[in-house]
Amino acid sequence: MKFRPLHDRVLVRRVEAESKTAGGIIIPDSAQEKPQEGEIVAAGEGAYNEDGDRIKLDVKVGDKILFGKWSGTEVKIDGEDLLIMKESDILGIVG
(Lines give C-alpha, C1' and ligand atoms only; values in the text may rest on other atoms or scores of the structure.)
Protein backbone atom coordinates (compact mmCIF):
# COMPACT_ATOMS: atom_id res chain seq x y z
CA MET A 1 0.00 0.00 0.00
CA LYS A 2 1.34 3.43 -0.91
CA PHE A 3 -0.34 5.47 1.82
CA ARG A 4 1.09 6.69 5.13
CA PRO A 5 -1.14 8.63 7.55
CA LEU A 6 0.30 11.80 9.06
CA HIS A 7 0.79 12.66 12.73
CA ASP A 8 -1.66 10.84 15.03
CA ARG A 9 -3.89 9.36 12.34
CA VAL A 10 -4.35 5.66 11.54
CA LEU A 11 -5.70 3.77 8.53
CA VAL A 12 -8.21 1.08 9.54
CA ARG A 13 -9.75 -1.88 7.69
CA ARG A 14 -13.15 -2.84 9.10
CA VAL A 15 -13.71 -6.48 10.01
CA GLU A 16 -16.36 -8.34 8.04
CA ALA A 17 -19.87 -8.03 9.49
CA GLU A 18 -21.62 -11.18 10.63
CA SER A 19 -24.29 -12.15 8.10
CA LYS A 20 -26.00 -14.65 10.42
CA THR A 21 -27.32 -14.24 13.96
CA ALA A 22 -26.58 -16.65 16.80
CA GLY A 23 -30.01 -18.22 16.19
CA GLY A 24 -29.19 -18.87 12.51
CA ILE A 25 -31.21 -16.04 10.94
CA ILE A 26 -29.50 -14.58 7.86
CA ILE A 27 -29.28 -10.78 7.87
CA PRO A 28 -29.46 -9.10 4.44
CA ASP A 29 -26.69 -6.62 3.52
CA SER A 30 -29.13 -3.69 3.55
CA ALA A 31 -30.07 -4.35 7.20
CA GLN A 32 -26.56 -4.91 8.56
CA GLU A 33 -24.88 -2.26 10.65
CA LYS A 34 -21.28 -1.41 9.86
CA PRO A 35 -18.95 -3.10 12.34
CA GLN A 36 -17.19 -0.96 14.93
CA GLU A 37 -14.17 -3.22 14.99
CA GLY A 38 -11.18 -3.09 12.68
CA GLU A 39 -7.50 -3.73 12.11
CA ILE A 40 -4.88 -1.01 11.79
CA VAL A 41 -3.31 -1.14 8.32
CA ALA A 42 -1.02 1.91 8.62
CA ALA A 43 -0.21 4.45 11.35
CA GLY A 44 1.40 7.86 11.51
CA GLU A 45 4.47 8.58 13.60
CA GLY A 46 2.63 10.59 16.27
CA ALA A 47 1.65 14.18 16.99
CA TYR A 48 3.86 16.89 18.43
CA ASN A 49 3.29 18.45 21.86
CA GLU A 50 3.75 22.14 22.72
CA ASP A 51 7.48 21.66 23.30
CA GLY A 52 7.96 20.16 19.85
CA ASP A 53 8.51 16.61 21.11
CA ARG A 54 6.82 13.77 19.23
CA ILE A 55 4.23 11.77 21.18
CA LYS A 56 4.26 8.17 19.89
CA LEU A 57 1.01 6.33 19.22
CA ASP A 58 -0.25 3.68 21.65
CA VAL A 59 -1.42 1.51 18.72
CA LYS A 60 0.58 -0.18 15.96
CA VAL A 61 -0.02 -1.84 12.61
CA GLY A 62 -1.85 -5.14 13.06
CA ASP A 63 -3.70 -4.18 16.27
CA LYS A 64 -7.40 -5.08 16.41
CA ILE A 65 -9.34 -2.07 17.69
CA LEU A 66 -12.81 -0.85 18.63
CA PHE A 67 -13.92 2.60 17.51
CA GLY A 68 -17.01 4.78 17.75
CA LYS A 69 -19.95 4.36 15.39
CA TRP A 70 -19.37 7.69 13.60
CA SER A 71 -15.57 7.75 13.86
CA GLY A 72 -13.25 8.35 10.96
CA THR A 73 -13.52 9.30 7.33
CA GLU A 74 -14.28 6.63 4.74
CA VAL A 75 -11.81 6.49 1.85
CA LYS A 76 -11.10 4.12 -1.02
CA ILE A 77 -7.42 3.23 -1.48
CA ASP A 78 -6.29 0.65 -4.04
CA GLY A 79 -9.95 -0.33 -4.54
CA GLU A 80 -10.46 -1.14 -0.85
CA ASP A 81 -12.83 0.72 1.50
CA LEU A 82 -10.88 1.91 4.55
CA LEU A 83 -11.21 4.46 7.37
CA ILE A 84 -8.83 7.22 8.39
CA MET A 85 -9.20 8.36 11.99
CA LYS A 86 -7.30 10.05 14.77
CA GLU A 87 -5.92 7.88 17.54
CA SER A 88 -8.25 9.64 19.98
CA ASP A 89 -11.27 8.14 18.11
CA ILE A 90 -10.10 4.63 19.06
CA LEU A 91 -11.91 3.25 22.09
CA GLY A 92 -9.56 0.37 22.81
CA ILE A 93 -7.43 -2.52 21.61
CA VAL A 94 -9.08 -5.97 21.40
CA GLY A 95 -7.16 -9.02 22.59
Side-chain angles (χ1 to χ4, degrees):
M1 180 169 298
K2 299 175 184 171
F3 181 82
R4 182 177 58 91
L6 298 176
H7 305 294
D8 63 341
R9 289 180 173 78
V10 294
L11 186 65
V12 177
R13 176 185 299 123
R14 286 186 195 262
V15 296
E16 295 296 321
E18 291 292 325
S19 60
K20 193 186 278 190
T21 65
I25 299 172
I26 296 174
I27 304 169
D29 289 340
S30 59
Q32 289 181 0
E33 287 190 26
K34 291 184 179 178
Q36 294 174 266
E37 187 175 340
E39 178 182 358
I40 296 181
V41 177
E45 295 182 9
Y48 290 97
N49 64 14
E50 294 172 2
D51 297 328
D53 298 324
R54 188 178 293 272
I55 302 170
K56 292 195 172 235
L57 300 178
D58 289 330
V59 295
K60 62 186 178 307
V61 173
D63 282 349
K64 304 267 191 242
I65 59 165
L66 290 177
F67 50 88
K69 186 172 244 173
W70 307 110
S71 297
T73 302
E74 294 183 357
V75 295
K76 188 169 234 160
I77 299 175
D78 295 336
E80 186 176 9
D81 291 325
L82 302 167
L83 289 169
I84 297 175
M85 66 181 68
K86 287 187 159 258
E87 185 186 31
S88 60
D89 291 337
I90 298 172
L91 303 175
I93 299 172
V94 178

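Quick caveat, the model's predicted, so the values are computed rather than measured.
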Closest approach of [X] to [Y] (non-hydrogen atoms, all atoms of both residues):
X: K86; Y: R9; answer: CE-NH2, 3.7 Å
X: Y48; Y: G52; answer: CD2-O, 3.4 Å
X: E87; Y: V59; answer: OE2-N, 3.6 Å
X: P5; Y: L11; answer: CG-N, 3.9 Å

Notebook entry, point to check: Is a side-chain N or O of D78 found less than 3.5 angstrom from the main chain of E80, in a donor-acceptor match?
Noted result: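 No; zero donor-acceptor contacts below 3.5 Å.
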Check: Is the number of heavy atoms from other residues, nucleotides or ligands within 6.0 Å of CZ (R4) greater than 12?
Finding: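 No, because the 6.0 Å sphere around CZ of R4 holds 12 heavy atoms or fewer from other groups.
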What distance do [X] atom [atom1] and [Y] atom [atom2] have between them, rounded to the nearest 0.5 Å?
X: L83; Y: I65; atom1: CG; atom2: CD1; value: 8.5 Å
X: E45; Y: K56; atom1: CD; atom2: NZ; value: 8.0 Å
X: I77; Y: K2; atom1: CD1; atom2: NZ; value: 12.5 Å
X: L6; Y: I84; atom1: CG; atom2: CD1; value: 9.5 Å
X: E37; Y: R13; atom1: CD; atom2: CZ; value: 13.5 Å
X: D8; Y: D58; atom1: CG; atom2: CG; value: 11.0 Å

Checklist line | Ion pair K60/D63, N-O distance below 4.0 Å | finding: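 D63 and K60: salt-bridged.
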Margin query: Let me check something: do I93 and V12 share a hydrophobic cluster, defined by ILVMFWY side-chain heavy atoms less than 4.5 Å apart, either directly or through other members?
Written below: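 In one cluster: yes.
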Next item on the list: Treat each ILVMFWY residue as a node, draw an edge where side-chain heavy atoms are under 4.5 Å apart, and state whether F3 and L82 are in one component.
Entry: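 In one cluster: yes.
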Check: Is there side-chain contact between I90 and M85, with heavy atoms separated by less than 4.5 Å?
Finding: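 Yes, their side chains come closer than 4.5 Å.
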